[in-house]
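What follows is a single structure, written as structure tokens, with notes after it.
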Amino acid sequence: MESQAVFSVIEVVLNRPLFQCFDYKLEGSYADDIVGARVEVNIAGSREIGIIYKVKQDSSLPFAKLKSARLLDKKDIFAPDVHKMLSFASKYYLYPLGQCYVSALPKLLRDGKEAAYGEIPALAATKEGLEADVKNIKAKVQAQILTLLKEGPVRRKELRERGFSAQAENALIKKGFAVKVNLALSLKATQSTAAPSVLKEEPPVLNPEQSVAVEAICAAKGYQAFLLNGVTGSGKTEVYLQVIAAVLRKGQSALVLVPEIALTPQTFERFYNRFNVPVSSMHSALSDRERLDAFLDMQRGGPAILIGTRSALFTPIPNLGLIVIDEEHDGSFKQTDGFRYHARSLALVRAKAAGCKIILGSATPSLESVENALCGKFTKLDLTIRAGGASLPQFKLIDLKNEPLTPGIKTGIGLELENRIGEETARGNQVLLFLNRRGYSHHLFCPHCGKIFTCPNCDNPLTVHKNEGRLKCHVCDNVFAMPVVCPDCGSREFMENGYGTEQVEEFLRLRYPDVGIERIDRDSVNSKAELEKRLERIKEGKSKIMLGTQMLAKGHDFPDVTLVGILDIDSGLFSDDFRALESTAQLLTQVSGRAGRAQKQGDVIIQSYHPENELLNRLITPNIAYFDIALDLLLIRKNLNLPPFSYQAFLLSNSEDRVKAFAYLQELNSCLQKKAGTYEGLSLGPVISDKMEKRHNRYHFHILVTAIRRDVLNAFLNETVKIEQDNPPKNDVRFAIEVDPLFLY
DNA sequence: AGCACGCCGACT
DNA sequence: GTCGGCGTGCTC
């Protein structure tokens with residue numbers, strides 16, 4: 001008698017651009033608890049990793065047609081709330097489910113590696129180290145590290161995040177106080193030590209506003225969303241920390257999403273120092289192995305905290321009690337390629353699915369969130385008191401129209417700002433100058449024939465970078481040699497137009513030769529570590545003038561800054577993107593928040609050629625908070641039927657072949673135009689080329705779809721996908737749908 | 001997205 | 001004669 005093998009039928013999602021699942025057979029008898037486990041399967045001749053979506057009694061296909069799958073996990077490697085979020089996301093963003101699932105996994109799991117810890121490099125104190133008196137170690141950093149090690153081994157990843165250099169670690173090893181260890185084996189022990197308290201340090205006393213906020217959030221039962229609207233320096237983070245503490249005490253875990261730019265040692269330090277529970281992180285600076293470790297850390301369960309950027313949202317966290325989205329207005333929560341999701345939107349879905357609370361925190365909330373607060377979907381909590389009694393800065397708007405032609409104004413610094421920089425630095429104060437434009441000159445041209453040097457891959461003028469002696473494309477990051485001879489007319493003379501941070505720095509060095517200047521932008525700062533080093537130098541007061549782009553605008557505290565100068569606000573006031581005013585208001589508020597954070601009164605000087613501009617004047621009026629301006633901007637949106645009062649999507653195509661990219665969308669558009677009429681309140685635009693039609697050597701076209709109702713938009717996009725599948729793009733044409741775009745194309 | 005199958009050009 | 005170009009169509 002031959003024993004009859006028992007098979008289960010499973011429905012598997014795969015990493016393919018298909019809106020369908022595939023049935024496989026699996027030897028053995030399985031129940032629903034393997035939904036969410038990975039399998040290795042054969043699909044169309046290639047091996048692939050898939051995820052079990054359903055366990056079924058039988059397939060609609062003949063059993064003989066089913067190939068067999070190999071089970072890679074014993075159970076679900078996701079979590080119920082993550083499953084719900086991903087199913088939602090696939091439908092909402094019209095992105096294939098399998099690809100949503102795959103995006104949610106760390107690369108090693110995507111590649112079929114075992115869901116288990118590898119070696120975790122850590123540092124541990126030696127016996128000598130444990131016995132040594134930290135006070136006897138002169139090197140400050142080494143002493144800090146040893147203090148940590150005395151409590152137990154610490155991962156090198158954590159030490160790195162907290163800003164400790166490998167140098168300091170090695171010095172400790174050399175002294176015989178520390179030793180490199182592999183933590184993987186001892187991990188279980190570390191975990192099971194039942195901590196008597198979730199807190200490592202005594203939390204500070206809250207001010208009344210913070211207490212109200214913490215109590216309100218802690219009182220929430222099940223799902224509830226809070227908009228924590230707190231001015232810069234009002235202690236939003238402390239509110240998060242105390243709510244997290246309450247969540248941990250209930251045995252639950254917390255997920256904290258921050259913008260990429262906020263992953264600083266100070267941020268990590270506050271969490272690592274405060275809590276007696278495992279703190280993990282998930283962000284782009286980690287290796288594949290470290291990402292898997294963080295995934296497993298959380299999957300294990302038990303009260304824990306995960307801090308990370310948008311992709312951390314997909315990490316399985318059993319017993320999730322709280323999601324925090326810090327700086328919720330930040331654009332980096334939106335993914336702009338592949339699975340084009342917005343982490344804020346999906347976080348709300350996940351919180352609902354998990355039945356937990358969610359805090360969206362910002363000094364400058366997005367208009368979407370402001371609207372949600374107004375219509376009662378979010379509970380708004382305000383923090384208006386700045387710590388240490390710091391007052392809000394004084395604004396001064398300077399009209400550049402009749403400015404004398406000084407060397408300064410050529411690099412965007414008017415006489416009054418120039419003088420104020422001199423005064424403040426002479427008093428020993430610091431100055432922060434903001435210009436959102438990197439490089440030396442905006443572009444280079446030939447005065448004889450008028451040729452402007454542009455990127456061969458993009459429709460974009462090349463920026464002059466004098467220090468490097470090269471031309472750079474800020475769209476595709478390609479670099480080019482400085483021309484010697486004009487390729488069009490043979491002239492050997494060139495002229496530059498427009499200024500960037502590099503040129504402003506050059507002027508400042510000539511003008512204030514004895515004042516330390518720190519330029520902070522993507523060209524002058526290569527790594528996170530270097531940024532930290534430079535910011536440290538600023539905080540120690542070695543440099544008096546800071547000049548930078550976005551990089552400098554957010555998060556960092558500079559207590560001695562008494563003057564903030566905004567060199568060019570105008571580019572943010574006159575834009576064809578309806579979100580420009582919102583982001584300008586946010587940026588201005590955030591940059592201004594850098595001034596006067598301690599005892600010193602701060603001033604903000606805004607230079608403009610349009611000082612009569614209404615928004616600008618409202619922004620600088622004392623006592624008009626960002627929120628009031630947000631309300632004004634919302635009213636404008638409402639009158640024009642713009643988001644969040646309508647819903648948008650883009651149909652995008654691109655190809656190396658300009659004609660093919662256009663033709664594909666044109667064909668799609670003519671099909672869709674016939675159907676658009678049956679969708680109420682829906683408008684379908686024509687095919688137009690992107691503002692920057694050519695980038696990365698490809699030609700880009702788009703169609704804008706707008707609807708008054710979300711469900712109508714979604715239904716229409718479903719029809720679009722159907723048509724796309726019947727007539728898929730050929731050759732090298734790529735097609736994509738972007739729902740809720742943040743930038744217009 | 002892969003990958004196989006299939007039908008036309010310049011190579012030993 | 002055949003190696004290989006990439007156009008088309010399918011994947012449990």
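All of these numbers come straight from a predicted model, not from anything done at the bench. Throughout, a chain's letter reflects where its sequence line sits, starting with A, and its residues are numbered from 1.
Using a 3.5 Å distance cut-off with no hydrogens or angles, the side chains of A:Y92 and A:D740 do pair a donor with an acceptor. Defined by atom type and a distance below 3.5 Å, a donor-acceptor pair is missing between the side-chain atoms of A:H702 and A:E738. For the residue pair A:E260 and A:S284, a side-chain donor N or O sits within less than 3.5 Å of a side-chain acceptor on the partner.
Rounded to an integer number of Å, the gap from CD of A:E656 to P of C:dC6 is 13 Å. Computed from coordinates, the A:K65 NZ to C:dC10 P distance equals 11 Å when rounded to whole Å. Distance A:L66 CG to C:dT11 C1': 13 Å, rounded to the nearest Å. Distance A:I52 CD1 to C:dC12 P: 17 Å, rounded to the nearest Å. Atoms CG (A:D726) and C1' (C:dT8) sit 15 Å apart, rounded to a whole Å. Following rounding to the nearest Å, A:K660 (NZ) and C:dG7 (C1') show an atom-to-atom distance of 11 Å. Rounded to whole Å, the distance from NZ on A:K25 to P on C:dC12 is 12 Å. Protein atom CD1 of A:I51 is 16 Å distant from nucleotide atom C1' of C:dC12, rounded to whole Å.
For C:dC12, one of the phosphate oxygens OP1 or OP2 lies less than 4.0 angstrom from a side-chain nitrogen or oxygen of A:K67.
Among the protein residues, A:L61 comes within range of the nucleic acid bases, having at least one heavy atom under 4.0 Å from a base atom. A:K730 comes within contact range of the sugar-phosphate backbone alone, with a heavy-atom separation under 4.0 Å but no base atom that close.
Using a cut-off of 4.0 Å between Lys/Arg side-chain N and Asp/Glu carboxylate O, A:R579 and A:E368 are scored as salt-bridged. Using a cutoff of 4.0 Å between basic side-chain nitrogens and carboxylate oxygens, A:D523 and A:K472 are scored as salt-bridged. Salt bridge present: A:D576 and A:K691 bring a charged side-chain N and a carboxylate O closer than 4.0 Å.
Checked options A:F339, A:F88, A:F19, A:Y341; the residue passing with A:Y95 is A:F339 (criterion: ring pair (Phe, Tyr, Trp, His ring centres under 6.0 Å)).
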Using nucleotides 1-9 of chain B, report all nitrogen or oxygen pairs with the protein that are shorter than 3.5 Å.
residue: B:dA1; atom: N3; partner: A:R16; partner atom: NH1; Å: 3.2

